[in-house]
Number of protein chains: 4
Amino acid sequence: MKKLIIISLLLTCAYSAGQAQRKSVNLPDLPGYVTLKCDFHLHTVFSDGNVWPTVRVGEAWRDGLDAISITDHIEYSPKEDYIPVDHNAAWKIAENTARDYNLILVHGTEITRKMPPGHMNALFIQDASLLDLDSVMDVYAAAIKQGAFLQWNHPGWRSQEPDGIPKIYEIHKTLLKNGWIHGIEFFNDSEYYPLVMTFCRQYNLAVMANSDNHGVISEDYKEPEYTNRPMTLVFAKSRTHDALKEAMFAGRTLAYFRDMIAGKEEYAKPFFYQCISVGKSFYQNDKSVYFEVTNKSDIPFYLVNGAPDAPQSLTLAANGVTRVVVSKKISSPLIYEVKNVLVGENEVLKIELKY
Amino acid sequence: MKKLIIISLLLTCAYSAGQAQRKSVNLPDLPGYVTLKCDFHLHTVFSDGNVWPTVRVGEAWRDGLDAISITDHIEYSPKEDYIPVDHNAAWKIAENTARDYNLILVHGTEITRKMPPGHMNALFIQDASLLDLDSVMDVYAAAIKQGAFLQWNHPGWRSQEPDGIPKIYEIHKTLLKNGWIHGIEFFNDSEYYPLVMTFCRQYNLAVMANSDNHGVISEDYKEPEYTNRPMTLVFAKSRTHDALKEAMFAGRTLAYFRDMIAGKEEYAKPFFYQCISVGKSFYQNDKSVYFEVTNKSDIPFYLVNGAPDAPQSLTLAANGVTRVVVSKKISSPLIYEVKNVLVGENEVLKIELKY
Amino acid sequence: MKKLIIISLLLTCAYSAGQAQRKSVNLPDLPGYVTLKCDFHLHTVFSDGNVWPTVRVGEAWRDGLDAISITDHIEYSPKEDYIPVDHNAAWKIAENTARDYNLILVHGTEITRKMPPGHMNALFIQDASLLDLDSVMDVYAAAIKQGAFLQWNHPGWRSQEPDGIPKIYEIHKTLLKNGWIHGIEFFNDSEYYPLVMTFCRQYNLAVMANSDNHGVISEDYKEPEYTNRPMTLVFAKSRTHDALKEAMFAGRTLAYFRDMIAGKEEYAKPFFYQCISVGKSFYQNDKSVYFEVTNKSDIPFYLVNGAPDAPQSLTLAANGVTRVVVSKKISSPLIYEVKNVLVGENEVLKIELKY
Amino acid sequence: MKKLIIISLLLTCAYSAGQAQRKSVNLPDLPGYVTLKCDFHLHTVFSDGNVWPTVRVGEAWRDGLDAISITDHIEYSPKEDYIPVDHNAAWKIAENTARDYNLILVHGTEITRKMPPGHMNALFIQDASLLDLDSVMDVYAAAIKQGAFLQWNHPGWRSQEPDGIPKIYEIHKTLLKNGWIHGIEFFNDSEYYPLVMTFCRQYNLAVMANSDNHGVISEDYKEPEYTNRPMTLVFAKSRTHDALKEAMFAGRTLAYFRDMIAGKEEYAKPFFYQCISVGKSFYQNDKSVYFEVTNKSDIPFYLVNGAPDAPQSLTLAANGVTRVVVSKKISSPLIYEVKNVLVGENEVLKIELKY
């Protein structure tokens, strides 16, 4: 008695007239903090990027970000035959659009030098044109005078470090001694640098993740390969420009890209526990206990190295529910390593599932 | 200064070894009730379906459902040359699997007659074999004796009603007078019957939505055309078999398919308001007020017929955030019709956005 | 005996290091002609667009196009506070990139006036700066002097024609009399104008489809809603700049967007027959003949209004094979209307399936 | 001059009423042969599968296959409490549906024994009930008497070979000496066994790939992880049951799954060259030659280990066009290893791009 006839549907079709929409990024807040999703490294036609500054705001808004910084190069202006140099142009053009779209726009620029010291973003500045100086130490001093957060960009970029390994040179030691480096990129576009975890721990710096995009986000981060650009998660006391700044100087960040999280354990651990909830057992018999683990976040978690008799590994799918069957013979707690949450150069997060 | 070299990624790849996962269906609870997602109309090889009963459990679990009923035909057994008739076989086979997967399995069957009275599902029964009787009224009586919830299936099915319009025949009047009909399908697979809204209001019956699937759910409801099968949303006091039964007899349901909701206003209205939240204004100037509306559910809402000076229509994308700019000249409240939430045969839900 | 263990796979992962790739657009050639996929209406930061000219080349290449024209406005330069006006800049910047990517770049510009005459693209010009004149007729004359193909853009654009209906004004009559209009846009972005079919027939003009994109193609034409931007299909004697020009002046075009084709029957009909092939009957019995229709193109075809006894409608899915069962009682040929191939303002293509 | 108003579209919506459609699998024929896509290992409710036999036909048809075999276990009938054992039932039930859908249905069964000899499919038989015998050698003899093609299934299945490595036991030596093994599975579901390549070469056997599906194909092979089930490509003189049989006994096969091909070089090499075409140079300057490589197949090819000065690696995307820029300094031919085309246990295909 199969259905033979299908009547036409009144079902409405999605339409998009009138107003814009952005997606929700499902990442939890931490107790006492709101999680801001940020990209602090973006280029436009005002240096070597290929889009107008307002495009960066639109992209970020659609991607569900809370804050961005446009960081055109001070020292590199390949389009100047067509576009006169103006280090603050991108900021001026994007400012009102950001305000209208409820996006925090951080005034920034990229100080662009050979290695050492390499490239460094100055964030939370007031006037990028004051940073157009010959001596790089003068530039840093001028940035610090404006209250800048200095972020060391892609420290292992192979164009500057052929072996891909970041190195602390003399000038970096000086900067660190001065307190003039506040964060380092762990992820930059599709590159990442494990050693950054050690540097950030040792010098107590913020772990950063940014796209460094020069082209178009929707072309460069496409499904199914990419569901999101690299982003820095900042745990701020509120969703404001100044609270963001306070949180970054305090180093309350995690780096996020694809299905990886990297950062200090003090943030990674509560972040993981906010993502998941372990249900009560819904059934048990002589042999086994049955329960479910819900992952409310967009990040899948790969749990490995379970105890003997426990499930060896568990994948907690993003926005999914995982059914777990555990033998009653297990006496030890359900402890796992989370393969895709890095808390050190060679160290992953350890967690316990309490059911 | 484009990135020239991309180092190899350690990024972990999704793997699925070990344990199964199901998706989360994002639909809110109502105050005091948990929202159970249900499909009360499914077939297997024990009548004219093409899958083994445990397949129905696996499909439902992966789809994030809470309850199903397998309702093979009593009077129609086209596979009996190969499979001896056993009206309770599907129930017996699926019972343990449902328990192990935390799915509520409702014992059911389909009483399969010509129109009138047409097809009717008996849900929450104990023994389907006792319903294999000649007289249809005897069958209903036997079902009621078992405490059955009787659901009138696809009342406008064109194989039985060539004009596609459901009709209340004498036998239905008798059943209604007896209190022997408790719900009617508004959605059955891809068909729906607007008049069911009037019947359900008039006789105070539950509005139902079911797949009536005979084949394979993952073939018949595929993205991008379909993101979900039809499901009945039941507002139960808890997630148990008995609470589900109580809620259905009390008529606390909504019918859900694709991007449509249909049901009584008393459930549709709070359901809508649980799905969305209207943010405070994040910016205003002389002319306009800016705010965001977040839709935390999987259902987009199409708001139409706005007041003059207000945005004429607003689409609140599923799991998305909608930015709204409203003129300060508007004095009247922001009232809209929700085009895809039906509360009557020709009536859609009216709501207000309070910002 | 279900598989219990899954060994790890050596399966290689897609990687994209090294070189770029573009998709193949599956649209057939016509006998004697190669089908060039073109977008003759694009903007950049040199007028009111938001991307650098090379972005347009990259987008087109990835989309599988053969030719584009960047057509910034002569009379509208909203970014001139930051970018000095240079009407040929986009052409100069994009030229070498187009050459390196084997894309035909047509030098063009948009003559941007109130209605009448509205907006008009001059294509195949040599120097756009010579078209920066006060009198619009002088501009057209200057364009024609350069050998331009003049395309009337979005003739029913509601900003200029509030009722959405294109109209032939006196100035258009003069232009047509002079032979100074060579094509009209049927599709412009997501708008289209049925009446254009009548104009093109009456005055023997090329039917055009273009994106008129100001932002980013990959944001504005996204799956699943859009699988392609609007494009003009040009039937050229070879894949060269000059053959393209010859074909356009000869009017050998079809307009293509989403799942619609619009244009003259003399091109639409052979195009349809090149897309599909009807297989021989693979089975027949007393009642019916069984055969398959293969659609090798990216365009689905919706066949409607079949003869009595024939299947009433047939959907020939894109890149798919459709199984057809025809009653042996049918004596008449299998004639259908192709609902999504327009050959006139109110006329669709009629075709026959010969099996 | 951005578009402000979007008029409603007449654009037709895809609908699927009336008739079924299948996808085209883009894999080329070999000169003199048609490439048949086959799955020779499938289960139904008549052993330990979970679907009715006609489901297997429908799945295969939609997936674009040419031939399947339903191979229920002779010795394993876990559903016999509900379904009486009938070794030919699946064949009888599926036969007419296969005919109506133009699918070649190969009569088969699975001879299901402990290792050694393990599981073996008998294909192209006439009566499976004659194979229900105690002695496994008697079963093979009975199958051979019916003209069977004997396929050794999943020879390294860890339930039978805990180390995952296939082994030639005495009984296999006997069978091979008799000529009673004709093919071996390289891919079985998501497992594969590299050593099979050596066996197939040494004993001149057909390399096979099958799904061994017990559940539902559309659930078990889902995008984006899977775009196709494992399939055996058979190079037959025509698309008929008997030509298929001839080709298989002649060993003209390749195994295909995900983005991998495995098989004898004599088939893998021409298959690769049929998939791609290398265009003439479209541009060259003092330094470099520019050309395109088109891959018309659904399989991406990963070319690695290029000569010095040549591009080190090239990815030829499925159904895509790859742009290649080669230095004029290269004197040697453009020779690559195709990383995902295996022609031996530890050997990949070597090819040359002639431009």
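What you see below is based on every heavy atom in this structure, not just the backbone, and it leaves out hydrogens, waters and symmetry mates. We name chains A, B, ... by the order of the sequence lines, and we start the count at 1 in each one.
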| query | chain B: which of D/V55, D/I217, D/V45, D/I93 shares the most heavy-atom pairs with it under 4.5 Å? | reply | D/I93
| query | In terms of heavy-atom proximity below 4.5 Å to chain D, should B/V216 be classed as side chain, backbone, both, or neither? | reply | side chain
| field | Under 4.5 Å from any heavy atom of chain D - which part of B/T44 | value | neither
| message | So, taking the atom named CZ in B/R62 and the one named CD in D/E219, what distance separates them when rounded to the nearest 0.5 Å? | response | 3.5 Å
| request: Look up atom CD in B/E223 and atom NZ in D/K222, then write down how far apart they are to the nearest 0.5 Å. | output: 10.0 Å
| Please walk me through it: do D/V51 and B/N50 pass side-chain contact (heavy atoms from CB on, under 4.5 Å)? | CA-CA 6 Å; D/V51 299; B/N50 285 321; over 6 Å; no
| Partners meeting ring pair (Phe, Tyr, Trp, His ring centres under 6.0 Å) with D/F46 (sequence neighbours left out) | B/Y82, D/W52
| said: Please check if the number of heavy atoms outside B/Y101 that lie under 6.0 Å from its OH is greater than 12. | reply: no
